[in-house]
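Below: the structure, in structure tokens.
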Amino acid sequence: MLNLVLFGPPGSGKGTQSEKLITKYQLVHFSTGDILRGEINAGSQLGKEAKSFMEKGELVPDSVVIGMIAQKVDQNLNAKGFIFDGFPRTVAQAEALDKMLKERSIGISGMLSLEVAHDELVKRLLNRGLSSGRADDKDENVIENRIKVYNKETAPVADFYNKQNKFHGIKGVGEIDEIFNRLVSAIDTLA
Ligand code: ADP
């Protein structure tokens, strides 16, 4: 299996690049943000729990997202591989993911980290907010909080994978296809 963690701050292009990667490598895509928004739209109990965190740009509790991902993995054990997008977002989530995959005799092939500077992120997210319908993309304070939470809670996850020699930094600015080619070059060096 080819199991990728697509990593990077809000607005770094994970969703855009995931779409292209799933087509090329025929992977199953798990975006915790998309799954959570689906739960909110469906009015589920889980969605109700997640909503207040997401509106403020805070992280949803680890236990919620870990359970959600385990269920999705179990529904797709025959896949060629997975792309985890927006997950793991804390070191506790990364540890839980490793453990959960190990119990199923699978593992992460590599982490690809899209690197984009702060001001470019804010610009992209405000621009996305004009059409995405996402409340968390409309308010600059919420955007700044998401980036702050990323730097504090999520950035350490890179080190977690670096220690396993699985970290690959990718320049996330330029043309979409150019960035995609950088990702493909890194992926093609993996097992
Ligand atoms: P972005 O990367 O642009 O912030 P996402 O769709 O990945 O967009 O996430 C939107 C929101 O969903 C986050 O701000 C957070 O509240 C919640 N969320 C998504 N993934 C996770 C996760 N793995 N752990 C905790 N909260 C999450």
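In listed order, ligands and their atoms are each counted from 1.
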Identify all N/O pairs between ligand 1 and the protein with a separation under 3.5 Å and present them as a table of atom names and distances.
residue  : atom   : partner : partner atom : Å
ligand 1 : 2 (O)  : Lys14   : NZ           : 3.3
ligand 1 : 2 (O)  : Arg89   : NH2          : 3.3
ligand 1 : 3 (O)  : Arg128  : NH2          : 3.0
ligand 1 : 3 (O)  : Arg146  : NH2          : 2.9
ligand 1 : 4 (O)  : Arg89   : NH2          : 3.1
ligand 1 : 4 (O)  : Arg146  : NE           : 3.4
ligand 1 : 4 (O)  : Arg146  : NH2          : 3.2
ligand 1 : 6 (O)  : Arg37   : NH1          : 2.9
ligand 1 : 6 (O)  : Arg37   : NH2          : 2.9
ligand 1 : 7 (O)  : Arg89   : NH1          : 3.2
ligand 1 : 7 (O)  : Arg89   : NH2          : 3.4
ligand 1 : 8 (O)  : Arg134  : NH2          : 3.1
ligand 1 : 9 (O)  : Arg89   : NH2          : 3.3
ligand 1 : 16 (O) : Glu58   : O            : 2.6
ligand 1 : 20 (N) : Thr32   : OG1          : 2.7
ligand 1 : 20 (N) : Gly86   : O            : 3.4
ligand 1 : 20 (N) : Arg89   : NH1          : 3.3
ligand 1 : 23 (N) : Thr32   : OG1          : 3.4
ligand 1 : 23 (N) : Gly86   : O            : 3.0
ligand 1 : 23 (N) : Gln93   : OE1          : 3.0
ligand 1 : 24 (N) : Gln93   : NE2          : 2.9
ligand 1 : 26 (N) : Val60   : N            : 3.0

Decide whether Leu36 and Phe84 are clustered together by the hydrophobic rule: side chain heavy atoms of Ile, Leu, Val, Met, Phe, Trp, Tyr closer than 4.5 Å, transitively.
yes
How close do Lys56 and Asn145 get, heavy atom to heavy atom, and via which atoms?
O-ND2, 3.0 Å
Do Lys72's NZ or CZ and the ring of Phe30 fall within the cation-pi criteria of under 6.0 Å and 45°?
no
Would you give the length of the straight line joining atom CG of Leu77 to atom CE of Met1, rounded to the nearest 0.5 angstrom?
7.0 Å
Measure the spacing between CG of Leu101 and CD1 of Ile106 and express it to the nearest 0.5 Å.
5.0 Å
Atom pair CG (Leu2) and NZ (Lys24), whose distance is rounded to the nearest 0.5 Å
11.0 Å
